[in-house]
Amino acid sequence: EADIYQTPRYLVIGTGKKITLECSQTMGHDKMYWYQQDPGMELHLIHYSYGVNSTEKGDLSSESTVSRIRTEHFPLTLESARPSHTSQYLCASTKREASYNEQFFGPGTRLTVL
Amino acid sequence: KNQVEQSPQSLIILEGKNCTLQCNYTVSPFSNLRWYKQDTGRGPVSLTIMTFSENTKSNGRYTATLDADTKQSSLHITASQLSDSASYICVVSDRGSTLGRLYFGRGTQLTVWP
């Protein structure tokens, strides 16, 4: 099992709150990703990073922001949560030169905004 | 448009029985195809990865096949166990960008009954 961690696992908050979802990996991977997944739907890429100080937006528009100050850490922040942000958020990582670009996933954070 | 379609959407089988899940894709240029298993509330875990030149790959009771000409793949599960209950996701990677873009299917939700 890959060494990639996400906290919290579950979060229920009220509208307008600022939240940060944490993602850490201990594998020294350069590339990290954030995906959003709704029940029964495919994963959608919302952010990715090639390394420290590198962040890019993914295919799915998201009001969240990310930062990459350290290789092992890739937090995602929502400045003002809304019910439409309710979803599962999955973090993943891979080596820059990994065969097949295999991504290792964290356990996910289930976010519910009331 | 690059897409990954999976069928059936859901499947219920009895413990000990075999089953086959299907994946059709239109991703081009093709790099590789992988099958992931995602337990409820968890992140996806890789089962198999196949490149263009590989027709079959096994991982224990899981056997994946790939027909790159027809752009179809299947995942066969032998002698199913209760722990096989999960969502099985087909993921196709293209080789048209340095990102190694991943295209996700919506998954087949497999339920194994005793």
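Computed over heavy atoms, backbone and side chain alike; hydrogens, waters and symmetry mates excluded.
With rounding to the nearest 0.5 angstrom, the CZ atom of A:F105 is 9.5 Å from the OG atom of B:S46. To the nearest 0.5 Å, the span separating CZ on B:R42 from CD on A:Q88 amounts to 10.0 Å. Here A:Y35 contributes atom OH and B:L102 contributes atom CG; the two are 4.5 Å apart, rounded to the nearest 0.5 Å.
Scanning both residues, B:G43 and A:L90, for their nearest heavy atoms gives CA-CD2, 3.8 Å.
With a threshold of 4.5 angstrom between heavy atoms, A:L43 approaches chain B through its backbone and through its side chain. For B:Y36, the part lying under 4.5 angstrom from a heavy atom of chain A is the side chain only. Heavy-atom distances place the side chain of B:Q38, and not its backbone, under 4.5 Å from chain A.
Counted within 6.0 Å of CG on B:L82, heavy atoms from surrounding residues, nucleotides or ligands total more than 12; the atom is thus considered enclosed. Other residues, nucleotides and ligands contribute more than 12 heavy atoms inside 6.0 Å of the NZ atom of A:K57.
Comparing B:S10, B:S87, B:G41 by how many heavy-atom pairs each has under 4.5 Å with chain A, the most go to B:G41. For the options A:H44, A:E42, A:Q37, heavy-atom pairs under 4.5 Å to chain B are most numerous at A:E42.
Taking the ring pair (Phe, Tyr, Trp, His ring centres under 6.0 Å) definition, one finds that B:F30 meets it with B:Y25, sequence neighbours left out.
At a heavy-atom cut-off of under 4.5 Å, chain A is reached by B:G105, B:R106 from residues 105-114 of chain B, listed in order of number.
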